[in-house]
Colleague: 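Following this message is one structure expressed as structure tokens.
Here the structure is a predicted model, which is why all the values come from computation and not from measurement. Just so it is clear: chains get the letters A, B, ... in the order the sequence lines come, proteins before strands, and each one is counted from 1.
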Amino acid sequence: MARAITFQQAINEALDQEMARDPSVFVMGEDVVGGEGAEGDMDAWGGVLGVTKGLYGKYGGRIMDTPISESAFIGAAVGAAACGMRPVAELMFNDFFGVCFDQIYNQAAKFRYMFGGKAKTPVVVRTMIGAGFRAAAQHSQSLYAIFTHIPGLKCVVPATPYDAKGLLIQAIRDDDPVMFCEHKLLYQVEGEVPEEPYTVPFGEANIAREGKDATIVTLGRMVHLANEAAENLAKDGIDCEVIDLRTTSPIDKETVLESAEKTGRIVVLDEATPRCSIATDISAMIGENCFASLKAPIKLVTAPHTPIPFSDVLEDLYVPDVAKIEASVREIAG
Amino acid sequence: MARAITFQQAINEALDQEMARDPSVFVMGEDVVGGEGAEGDMDAWGGVLGVTKGLYGKYGGRIMDTPISESAFIGAAVGAAACGMRPVAELMFNDFFGVCFDQIYNQAAKFRYMFGGKAKTPVVVRTMIGAGFRAAAQHSQSLYAIFTHIPGLKCVVPATPYDAKGLLIQAIRDDDPVMFCEHKLLYQVEGEVPEEPYTVPFGEANIAREGKDATIVTLGRMVHLANEAAENLAKDGIDCEVIDLRTTSPIDKETVLESAEKTGRIVVLDEATPRCSIATDISAMIGENCFASLKAPIKLVTAPHTPIPFSDVLEDLYVPDVAKIEASVREIAG
Amino acid sequence: MQLNKDELLTAYRTMRSIRDFEERVHIEFATGEIPGFVHLYAGEEAIATGVCIHLREVDRIASTHRGHGHCIAKGCDIDGMMSEIYGKASGLCKGKGGSMHIANLDVGMMGANGIGGAGPPLACGAALAAKIKGEDNVAVAFVGDGGSNQGTTLESLNLAKVWNLPCVFVFENNGYAEATASKWSVGAENIADRASGFAMPGVVVDGHDFFAVHEAAGEAIERARKGGGPSIIEAKVNRYFGHFEGDAQTYRGPDEVKKIRETKDCLMKFSQQVTEAGLVERTELEAIDREIAALIEGAVTKAKAAPKPAAEELLTDVYVSY
Amino acid sequence: MQLNKDELLTAYRTMRSIRDFEERVHIEFATGEIPGFVHLYAGEEAIATGVCIHLREVDRIASTHRGHGHCIAKGCDIDGMMSEIYGKASGLCKGKGGSMHIANLDVGMMGANGIGGAGPPLACGAALAAKIKGEDNVAVAFVGDGGSNQGTTLESLNLAKVWNLPCVFVFENNGYAEATASKWSVGAENIADRASGFAMPGVVVDGHDFFAVHEAAGEAIERARKGGGPSIIEAKVNRYFGHFEGDAQTYRGPDEVKKIRETKDCLMKFSQQVTEAGLVERTELEAIDREIAALIEGAVTKAKAAPKPAAEELLTDVYVSY
Ligand SMILES: Cc1ncc(C[n+]2csc(CCOP(=O)(O)OP(=O)(O)O)c2C)c(N)n1
Ligand SMILES: Cc1ncc(C[n+]2csc(CCOP(=O)(O)OP(=O)(O)O)c2C)c(N)n1
Ligand SMILES: [Mg+2]
Ligand SMILES: [Mg+2]
């Protein structure tokens with residue numbers, strides 16, 4: 001049964017259902033319970049924005065607060081995964097990856113290869129991404145390009161409550177290490193989500209909107225802006241296809257290339273910074289494979305090559321907006 | 001006076017001359033002296049491959065060993081830089097960035113912006129990159145795409161002894177934080193290097209070879225392979241231009257685009273892994289800006305999306321080689 | 001270490017400034033006009049004040065996400081701070097940093113910091129700079145109880161010891177890291193117990209007691225300045241507001257804060273002590289109260305009236321040269 | 001903890017296997033046939049052996065770059081190890097990992113590791129897995145003196161304490177991290193002094209003395225297994241070869257290693273003790289010596305003869321599914 005719930009509820013439900021299904025699934029992170037050792041309530045927080053709230057009551061010892069020691073506890077998740085568990089560790093903001101990435105990229109991501117195929121490290125690292133929250137330079141980044149760059153890691157960036165649930169369940173059941181990137185501005189977005197558990201497979205992009213004149217390839221929160229831009233453009237007779245990548249690694253090359261061949265006009269839209277980004281990744285892939293079909297240069301719409309400013313006026317200029325997307329499509333639309 | 005010295009000597013000389021010139025320059029890292037606290041010789045190592053050897057005798061307290069605490073000592077370099085010094089910290093292998101990157105990317109790289117332009121953080125992080133040393137998955141990576149992705153950081157990847165010296169002097173004198181990436185297989189390469197100090201400016205690519213039929217855009221050790229491939233191709237009448245980027249951030253857009261417009265046939269060659277890489281970055285940039293001039297799809301020649309294998313046969317397959325470069329150029333050469 | 005009257009009044013002024021600043025931000029935040037996260041320092045004023053009063057402008061401090069108190073105590077401009085929190089062009093960082101990134105290197109304030117445990121390495125660097133230059137400047141890292149468990153902090157203790165740096169690590173143990181109690185997250189009776197594992201002195205003081213902090217900090221800073229190396233001060237204290245504004249604090253005991261405010265408040269205690277000892281007149285303190293009230297009022301008025309940053313600011317200040 | 005004869009012979013066999021393995025790799029490396037970096041464990045055999053003899057197959061260890069000894073002591077196949085070091089298809093990791101990444105999770109060996117301080121978090125994870133599953137398995141992290149200063153190690157101590165994990169941290173203090181002396185890089189008299197800052201037991205033992213290690217490890221592992229939480233063992237020891245093969249070791253005193261080999265060698269000491277006490281005959285030890293010599297000879301012969309990995313191997317084993 002589908003009902004409308006928020007993105008945040010969808011994630012909570014995915015965790016809940018997987019913890020119920022599989023005793024090897026457990027959750028850890030800073031204040032994912034909240035209140036450990038304190039006089040007042042346990043589960044006072046359920047995560048800094050309340051995403052894991054309520055799980056403590058159901059699963060007690062399988063959802064655990066941690067000290068502020070990301071290397072130790074994410075490394076512990078990695079180690080536990082290598083020993084047969086399915087940990088879901090929360091790296092509160094992806095911006096904090098710089099204190100603990102070794103355990104993710106040199107350990108979890110490489111075990112299988114380095115050990116000649118004899119290891120399996122099914123760890124999920126849930127982490128918040130995204131600008132627009134007035135959270136400034138160290139709490140607003142979208143670092144999935146870095147996660148995608150690393151062989152052995154998978155990287156998921158859901159755009160809708162439906163995908164959030166299905167992709168998270170897939171991430172937990174998946175036998176490889178997964179970076180699961182949750183955009184903080186999406187948490188309150190509502191959408192239809194089936195009550196029963198289901199998976200959304202990795203490496204299958206979602207064609208959020210079909211169109212024939214131009215393709216906007218995007219991910220995460222930007223999918224919603226792309227849809228809006230597409231609607232506006234449709235009024236002017238420009239019929240856009242919107243592709244939501246859903247996972248950046250693995251990447252759904254086929255869907256992207258097919259659409260590129262069909263429309264021949266591409267905008268890659270990404271709220272991250274531009275250099276060595278998902279935007280360039282997709283553009284290069286299309287450029288290499290669909291050369292003959294391209295009718296216009298592939299446009300990149302991204303944040304600028306700057307840290308994220310605090311002031312609201314600046315941050316609003318920083319994040320790509322619907323107007324910029326529209327303008328870019330118009331620029332290349334024949 | 002130019003004489004032939006090795007890449008490694010060029011780096012040593014750059015450090016030597018800058019330390020002599022400016023008392024605010026100092027060097028630190030694990031065993032950059034070597035022998036601290038031990039019974040035997042000080043300066044026993046001069047760095048794990050001997051690159052800083054001899055500086056201790058000249059500069060004593062301004063070249064310092066560190067405990068294995070990359071966050072603390074690289075952070076200390078960052079802090080000292082913010083306080084008016086010009087530290088050169090060594091992150092022995094760039095593969096270790098995962099234990100200390102926060103101090104580089106969230107601190108050094110963002111201070112100036114976050115503090116409204118009132119900070120200056122002239123820190124240089126020297127670090128070894130590159131495969132081919134049989135050093136396996138955790139000591140062979142080339143992670144400059146990650147450094148390039150980060151606004152506020154500069155990233156340098158020298159290919160020749162001449163550039164190594166000039167770019168390192170520039171890095172030390174530069175007022176921004178710089179990742180200085182030294183390919184371990186280049187250390188013994190010889191080349192002409194002037195004795196006196198000089199700088200090679202950032203953001204100016206080197207046209208390693210002029211040509212009209214195709215352009216190979218590359219960097220670091222791959223420049224040498226590109227030159228070799230170009231020579232072989234020349235025998236078959238294919239006249240390649242080889243562009244050595246020298247710095248990936250800032251990037252010399254102009255030189256790359258000019259060459260792309262001239263030849264219309266591009267191979268981007270990069271020994272790093274392919275996703276969200278310098279290869280895709282250059283390809284996307286050319287694709288967006290030189291659409292009308294392109295006569296063939298932009299080919300990407302990179303390592304595969306895998307960790308780096310230990311076994312020599314596998315590693316030799318992993319790193320792009322001259323044959324692969326040649327084949328790619330032939331594929332697109334008209 | 002006996003303080004003279006001027007020093008006492010300075011200490012009071014600093015503590016009062018911090019308190020009023022924070023109480024006012026608390027109120028203004030509730031109106032929705034202040035964007036983002038704000039972490040308030042109210043309740044902990046005696047620590048920043050008791051430490052920084054020993055510091056010269058060229059001495060440096062590294063701070064935390066809860067940085068307003070450190071900023072004020074180290075001499076950051078209050079108007080500039082308030083404007084920064086409002087994201088205005090007149091802010092100390094032109095509105096580009098916000099509450100979590102206020103800095104002013106000119107007065108030795110190396111920045112609030114959004115990353116737990118990021119300050120200690122930076123403070124080591126400031127101390128190292130002084131040492132290499134042969135100056136007798138010191139550096140202080142303020143760290144929370146939560147931040148005390150971060151590897152970056154722990155390895156900085158060792159580095160400071162090994163390099164014999166003029167660096168003091170001040171652990172502000174306010175009982176919580178977000179909603180997690182320090183008596184759970186710190187695997188030891190005291191954070192200061194870690195000092196012996198790095199062969200440096202470590203003391204525990206009452207962080208509500210300005211004089212206790214002042215004395216411990218004086219010793220540690222003096223030692224550092226004279227080449228005696230690093231040390232740890234753990235100040236046990238309480239925060240009056242939530243982790244950040246908006247935190248309902250249901251993890252705390254019902255009257256936890258109320259009781260502390262009534263019995264241990266640093267301003268209350270300080271006032272009592274100095275007036276009872278006859279060192280300062282109550283009226284003198286009241287004059288400062290009025291002065292600060294006006295100062296904060298002015299800061300808020302100016303912040304609200306100030307323009308937002310111009311659009312060009314988005315792209316500037318990324319590099320010195322690029 | 002009295003060991004019976006079988007156990008004594010097992011201990012000797014393990015130590016001898018490690019010694020011969022390493023001495024042989026030392027010789028073979030010099031011929032240029034072994035690629036990459038090799039870090040030899042010779043001299044430290046009593047530690048891996050004295051610890052791992054207490055462990056069951058389901059107990060786990062996390063290791064370091066100097067991992068051969070840990071691998072052998074935890075039961076990794078010696079032929080497979082030698083082939084791995086040669087980069088052959090028959091290697092324990094198909095030649096894809098090499099010396100620094102030998103692992104066999106099936107026998108509880110979570111991998112040598114190229115990153116200093118990477119093991120402790122992983123060992124915490126193994127211990128946590130056991131705890132959540134309600135099993136009485138334990139985990140041991142081996143860490144060098146250099147690795148003891150890494151933040152990841154220090155915060156793992158705290159995490160293990162806070163979560164009360166069945167985890168033992170064995171610090172192998174061989175006096176050096178590369179060319180840097182531990183008495184300089186460790187800002188404390190002993191690494192074990194850090195234990196008190198994390199409220200756990202910490203002891204120092206002579207790492208050349210199998211029985212001393214065995215006893216301390218037995219206590220710590222027993223405590224962990226029974227729910228008593230983590231502890232630290234620091235074993236002071238020496239390495240016989242350079243940091244890696246090729247290291248000229250000019251940072252060491254002239255006869256440093258020679259003296260230790262003559263006076264403290266773990267195999268020599270062990271042999272003396274057990275034969276003098278009449279627990280084992282010298283001929284029994286000699287039989288083991290011959291057995292191991294043949295084993296290592298066989299391993300090298302097989303490794304040299306084995307084929308290199310097939311080209312397809314480059315692209316496999318990156319993911320379980322992609
Ligand atoms: C590396 C890192 N991890 C997590 C956080 C999220 N976070 C922000 S403040 C905080 C609690 C800090 O507690 P403490 O150090 O005691 O300082 P206090 O807030 O009590 O002043 C946490 C977990 C962070 N900012 N940085
Ligand atoms: C994070 C990290 N920093 C630095 C290195 C380089 N390195 C490899 S081994 C080593 C010394 C290790 O010393 P110790 O921990 O004492 O172990 P030992 O070699 O003595 O067994 C260093 C610095 C590394 N591998 N990882
Ligand atoms: Mg706290
Ligand atoms: Mg050692």
Side-chain angles (χ1 to χ4, degrees), chain A residues 23-26 28 36-37 61-62 64-87 89 99-100 102-103 106-123 151-154 174-177 201-203 249-251, chain D residues 58 60 62 84 89 91-98 100-106 108 110-115 117-133 137 139 150-163 165 309 313 316-322:
Chain A
S24 68
V25 177
F26 68 100
M28 57 153 103
E36 186 69 76
R62 281 204 286 138
M64 305 158 68
D65 282 341
T66 68
I68 306 180
S69 317
E70 283 86 359
S71 283
F73 78 75
I74 290 182
V78 171
C83 296
M85 305 297 286
R86 293 193 176 270
V99 299
C100 62
D102 186 74
Q103 290 292 332
N106 264 336
Q107 311 300 328
K110 294 185 173 57
F111 279 170
R112 188 167 181 79
Y113 195 81
M114 292 192 304
F115 302 164
K118 276 177 252 156
K120 198 170 89 171
T121 314
V123 62
L153 271 189
K154 292 177 174 174
D174 201 275
D175 283 333
D176 294 307
F202 287 177
S249 183
I251 186 86
Chain D
V58 289
R60 268 104 180 188
E84 187 60 34
L92 213 44
C93 307
K94 300 193 206 163
K96 291 168 136 174
M100 254 191 302
H101 307 297
I102 302 181
N104 186 356
L105 291 157
D106 291 340
M110 300 177 77
N113 211 308
I115 305 298
L122 298 170
C124 284
L128 178 63
K131 194 176 170 180
I132 291 178
K133 285 200 205 152
N137 304 337
Q150 186 68 284
T152 53
T153 300
L154 295 165
E155 66 183 45
S156 295
L157 296 175
N158 188 58
L159 186 69
K161 173 65 192 179
V162 167
W163 278 348
L165 295 178
E313 288 293 335
T316 60
D317 302 326
V318 183
Y319 296 93
V320 177
S321 64
Y322 201 64

Colleague: Using side chain to side chain contact (heavy atoms under 4.5 Å, CB included), reason through D:Cys93 and A:Lys118 one step at a time and then give a plain yes or no.
Modeller: CA-CA 8 Å; D:Cys93 307; A:Lys118 276 177 252 156; 5.6 Å; no
Colleague: Test side chain to side chain contact (heavy atoms under 4.5 Å, CB included) on D:Lys133 and A:Cys83; report intermediate values, then the result.
Modeller: CA-CA 11 Å; D:Lys133 285 200 205 152; A:Cys83 296; over 6 Å; no
Colleague: Identify the two heavy atoms, one from D:Ser321 and one from A:Asp174, that lie closest to each other, and give their separation to 0.1 Å.
Modeller: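 The answer is OG-OD2, 4.1 Å.
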Colleague: Of the listed residues (A:Arg112, A:Met85, A:Glu70), which shares the most heavy-atom pairs with chain D below a 4.5 Å separation?
Modeller: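 Heavy-atom pair counts peak at A:Arg112.
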Colleague: So which part of A:Asp175 gets closer than 4.5 Å to some heavy atom of chain D, the side chain, the backbone, both or neither?
Modeller: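 Both backbone and side chain.
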Colleague: Between the side chain of D:Tyr319 and the main-chain N/O of A:Pro177, is any donor-acceptor distance below 3.5 Å?
Modeller: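 The answer is no, because no donor-acceptor pair under 3.5 Å joins these two groups.
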Colleague: Ignoring hydrogens and geometry, is there a side-chain-to-backbone donor-acceptor pair from A:Gln103 to D:Pro121 under 3.5 Å?
Modeller: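 Between the backbone of D:Pro121 and the side chain of A:Gln103 there is no qualifying donor-acceptor contact (under 3.5 Å).
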Colleague: Run the side chain to side chain contact (heavy atoms under 4.5 Å, CB included) check on D:Cys124 and A:Phe73 step by step: do they pass?
Modeller: CA-CA 8 Å; D:Cys124 284; A:Phe73 78 75; over 6 Å; no
Colleague: Not counting sequence neighbours, which residues clear side-chain hydrogen bond (donor to acceptor under 3.5 Å, both in side chains) with D:Thr316? List them please.
Modeller: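 Checked D:Thr316 against side-chain hydrogen bond (donor to acceptor under 3.5 Å, both in side chains); matches are D:Lys96, D:Glu313.
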Colleague: Given side chain to side chain contact (heavy atoms under 4.5 Å, CB included), test D:Trp163 with A:Thr66 step by step and report yes or no.
Modeller: CA-CA 8 Å; D:Trp163 278 348; A:Thr66 68; 3.5 Å; yes
Colleague: D:Asn104, D:Leu105, D:Ile132: which one forms the most heavy-atom pairs within less than 4.5 Å of chain A?
Modeller: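 Maximum pair count with chain A is reached by D:Ile132.
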Colleague: Quick one: list whatever passes side-chain hydrogen bond (donor to acceptor under 3.5 Å, both in side chains) with A:Gln107, sequence neighbours left out.
Modeller: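 Checked A:Gln107 against side-chain hydrogen bond (donor to acceptor under 3.5 Å, both in side chains); matches are A:Asp102, D:Asn113.
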Colleague: What part of A:Lys154 gets closer than 4.5 Å to chain D, counting heavy atoms only: side chain, backbone, both or neither?
Modeller: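 Both backbone and side chain.
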Colleague: Quick check on A:Ser249 against chain D: is it the side chain, the backbone, both or neither that has a heavy atom closer than 4.5 Å?
Modeller: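 Both parts, backbone and side chain.
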Colleague: Check whether A:Ile74 gets within reach of chain D through its side chain, its backbone, both or neither, counting any heavy atom under 4.5 Å.
Modeller: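 For A:Ile74, no heavy atom lies under 4.5 Å from chain D.
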Colleague: At a heavy-atom separation under 4.5 Å, does A:Phe202 approach chain D through its side chain, its backbone, both, or neither?
Modeller: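 Neither the backbone nor the side chain of A:Phe202 comes within 4.5 Å of chain D.
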Colleague: Could you tell me which non-hydrogen atom of A:Pro67 sits nearest to which non-hydrogen atom of D:Leu159, and how far apart they are?
Modeller: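 Looks like CD-CD1, 3.4 Å.
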